[in-house]
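All ligand and atom numbering here is 1-based and tracks the order in the structure.
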Amino acid sequence: MDVIATIQEMQERSDKLRAAGRTIALVPTMGFLHEGHLELMRAGKQHADELIISIFVNPTQFGPGEDVDRYPRDTKGDLQKARSVGVDVVFMPSAEEMYPDRFQTRVQVEDLPHHLCGLSRPGHFDGVATVVAKLFNITRPHLAVFGQKDYQQLAVISRMVMDLNMDIRILGVPTVREPDGLAMSSRNSYLSPEERRSALGLKKSIDLANELLRTGERRAKTITDAVRSLILSHPFTDIDYVALCDPVTLETLDALEEETLLALAVRVGKTRLIDNCLLRKASDQ
Ligand code: AMP
């Protein structure tokens with residue numbers, strides 16, 4: 001496994017691989033790898049000859065007062081984990097390499113960021129779209145793998161790829177959870193044991209929504225009210241949003257459709273956690 005820090009070396013490597021007829025999968029990450037990330041890597045490995053991952057805590061997707069400086073890092077552990085799933089190349093640039101002086105270009109997806117996380121994190125998805133576009137140009141993948149846990153991010157990237165005619169297949173991988181249901185996240189490491197218990201309210205509330213759907217409930221407000229009060233019954237929780245929305249446009253719905261996205265963002269103590277689930281009427285029974 002090679003670790004590459006410069007854009008030029010990474011582009012040359014990818015060009016060589018492509019010239020040799022090898023297909024490339026990219027898994028972009030911010031490091032502090034967990035089983036969720038590794039699942040994305042396994043999927044990438046399955047669908048391509050060469051697996052590149054990037055580890056880069058992208059400063060432009062963090063707002064003022066967000067956790068860019070205290071974002072957890074563990075390079076040594078990350079490299080071990082990457083090696084264990086057969087990663088071929090780790091691209092690990094510095095912030096200066098990615099954003100040199102006079103950098104001034106931004107990729108902006110117009111509508112999708114005006115919902116869910118985009119409302120409380122203005123500019124976040126511009127930062128995400130821009131860095132992912134750069135990573136695509138640097139690693140030149142045929143396929144890029146993203147987690148469905150960050151549903152809105154996956155939607156924004158898919159839109160960008162379609163709108164800008166990027167010749168890259170986007171693969172979404174289902175959310176990997178801890179045995180008790182908590183969605184894996186690098187940010188879970190911030191939680192105290194008491195907060196960790198309260199964080200279970202997110203998955204429990206998703207289960208409750210599915211249960212209400214099974215019993216025939218279709219009114220969005222009834223479901224979001226039930227989800228909210230279950231979450232808030234756990235200490236240290238503060239809801240950013242609980243939304244039922246169209247899975248494609250992310251617009252809020254009053255009543256459930258064939259497929260409806262339930263999306264949650266909850267602060268547990270100081271840690272902001274997200275989770276989501278596609279509610280399907282067809283899976284009622
Ligand atoms: P991050 O390092 O948090 O930026 O995440 C890198 C990639 O891993 C993104 O595509 C995330 O959606 C994905 N990811 C993070 N947590 C999980 C999880 N629990 N299950 C599946 N994918 C995940």
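No more than 12 heavy atoms of other residues, nucleotides or ligands shown are found within 6.0 angstrom of CZ on Arg219.
The aromatic rings of Tyr71 and Phe62 stand perpendicular to each other, their planes meeting at an angle above 60°, with 30° marking the opposite boundary.
Applying the side chain to side chain contact (heavy atoms under 4.5 Å, CB included) test between Leu279 and each of Leu212, Ile206, Leu244 identifies Leu244 as the sole match.
Within 4.0 Å of ligand 1, protein heavy atoms belong to Pro28, Thr29, Met30, His34, Gly36, His37, Leu40, Tyr71, Phe146, Gly147, Lys149, Asp150, Gln153, Pro174, Thr175, Val176, Met184, listed by chain and number.
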Atom pairs and distances, donor-acceptor, side-chain atoms in residues 100-110, under 3.5 Å, two or more places apart:
from	atom 1	to	atom 2	distance (Å)
Gln104	NE2	Arg102	O	3.0
Arg106	NH1	Asp126	OD2	3.1
Gln108	NE2	Asp126	OD2	3.1

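Applying the salt bridge (Lys or Arg N to Asp or Glu O under 4.0 Å) test to residues at least two apart or on different chains, the pairs with a partner in residues 15-28 are Asp15-Arg140, Arg22-Glu50. Sequence neighbours left out, not one pair with a member in residues 164-174 passes side-chain hydrogen bond (donor to acceptor under 3.5 Å, both in side chains).
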